[in-house]
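Working notes, beginning with the structure itself.
Order of listing sets the numbers, starting from 1, for every ligand and every atom in it. The analysis underlying the following values was restricted to heavy atoms, covering all of them including side chains, and did not include hydrogens, waters or symmetry mates.
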Amino acid sequence: MELNIKEQLEQIRATAKDRLAQIGSSEELENLKVKLLGKKGELTNVLSQMGKLPPDMRPAVGQAANEVRAFIEERIKTAKQQLEERELLRKLENEKLDVTLPGKAHRAGKKHPCSVVLDEVKDAFISMGFTVASGPEVEYDYYNFEALNIPKYHPARDTQDTFYFTDDILLRTQTSSVQIRTMEKIKPPIRVIAPGRVYRIDEVDATHSPIFHQIEGLVVDKGITMSHLKGSLDIIAKKLFGENIKTRIRPDYFPFTEPSAEISISCFKCGGEGCKFCKGEGWIEIGGAGMVNPKVLELLGIDTNEYSGFAFGMGLERLVLRRYNIDDIRMLFENDVRFLESL
Ligand code: PHE
């Protein structure tokens, strides 16, 4: 009888070892634990036969039973740890990140070509001590024409076909209006540029748009001469288009400058020899300029015995088209993303 129970205990120990080795999940392990050690488990079942043993044998069998229980508990603990490790590994395996997968592309915006060139122009002038001024696009006739020595019925008005709201209020046709507003506000020395939108009635085609941008410049100080104008234009042209660029001024007419000039830069494509880009001329016209007409200065209370000034107005779009090698001004206003991204 005693042997029998001990054999049974050994049996339980031996098979427990094999069964534990085959366990695949925590659930299976829990079930096996109940089967082996539970209240109705195999070990309890064997121990229930202890009562049939003679009392002097019971301690030895009891001790053997405790050893088997301790052994099984120990094995279960180890199995549990191994299972948990395996399950953790499996979890990590499933949640693995493939850092070599391509990411989601973000489409970054970028500056419009007009802004790129305008920023460069601004930087160049600011580096020469200019500040940036601005004025309204809806303007009084006075600032756009009258104060610039272009009275009503002056033929110069015909060259700037104007959008009028009333007899007196219009969409500015030139940034020269900001010259007047600036001289109203500040006393010489004055050194400003005024970039902004201007409007003229025009059919849209490859070279015309009813909206475009000008960059006005105004310098008023003691002893300002035409050579200051030429020198400033030289510096700007070189900064924008490179060291080999030359500037040219030729006589022109504007009511608010005297003398007046047309500004051109040497063609940066052919260097001045003439190509299809500059229509064979070697030069590209970029705007108008001149010495501020003393009549204008006097109207604003500036003493012309003491002060003189120069002014210029450049078309921004022309610079941008040249710079990006584009031959149609509409490309700059249509905002076709495919085109803008290609620049
Ligand atoms: N405002 C003139 C134009 O639009 C350009 C200009 C500006 C000429 C300043 C002289 C001085 O044609």
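Distances shorter than 4.0 angstrom do not occur between any heavy atom of Met314 and any atom of ligand 1.
In the vicinity of Phe312, heavy-atom distances shorter than 4.0 Å reach the ligand 1 atoms 7 (C), 9 (C), 11 (C). Taking every non-hydrogen atom of Gln214 and a distance limit under 4.0 Å, the qualifying atoms of ligand 1 come out as 3 (C), 4 (O). Residue Gln179 has at least one heavy-atom neighbour below 4.0 Å for each of these atoms of ligand 1: 9 (C). Counting the atoms of ligand 1 from 1 in the order shown, those under 4.0 Å from a heavy atom of Ala289 are 8 (C), 10 (C), 11 (C).
By the 3.5 Å distance cut-off applied to N or O atoms, Arg200 is counted among the residues near ligand 1. In terms of polar-atom proximity, Thr173 is not counted as a contact of ligand 1, lacking any N or O under 3.5 Å from an N or O of the ligand.
When the options Phe256, Phe254, Phe310 are ranked by their closest heavy atom to atom 11 (C) of ligand 1, first place goes to Phe256. Among Gly217, Gly313, Gly315, the residue whose heavy atom sits closest to atom 5 (C) of ligand 1 is Gly313.
Minimum interatomic distance between Gly223 and His228 (heavy atoms only, all atoms of both residues): O-CE1, 3.2 Å.
Between Phe312 and Phe125, the two ring planes are parallel [angle under 30°; tilted spans 30° to 60°].
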Salt bridge (Lys or Arg N to Asp or Glu O under 4.0 Å) between Arg90 and Glu87, worked out: CA-CA 5 Å; Arg90 209 179 301 142; Glu87 274 162 15; 5.1 Å; no
Residues Phe212, Arg200; criterion side-chain contact (heavy atoms from CB on, under 4.5 Å); working and verdict: CA-CA 9 Å; Phe212 56 101; Arg200 293 182 194 180; 3.7 Å; yes
Intermediate values then yes/no, salt bridge (Lys or Arg N to Asp or Glu O under 4.0 Å), Asp234 and Lys238: CA-CA 6 Å; Asp234 273 349; Lys238 285 183 177 21; 5.2 Å; no
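Of all the heavy atoms of Glu262, none lies under 4.0 Å from any atom of ligand 1, so neither backbone nor side chain is involved. Only side-chain heavy atoms of Ser176 come within less than 4.0 Å of ligand 1; its backbone N, CA, C and O stay farther off.
In this structure, Arg181 satisfies the cation-pi test against Tyr143, with its NZ or CZ atom closer than 6.0 Å to the six-membered ring centre and inside 45 degrees of the ring normal.
Between Thr173 and the choices Glu139, Arg157, Gln214, Gln160, the side chain to side chain donor-acceptor pair (under 3.5 Å) rule is met once, by Gln160.
Side-chain contact check for Pro188 versus Glu306: every heavy-atom pair is 4.5 Å or farther apart.
Of all protein heavy atoms, the one closest to atom 2 (C) of ligand 1 is Gln174 OE1, 3.6 Å.
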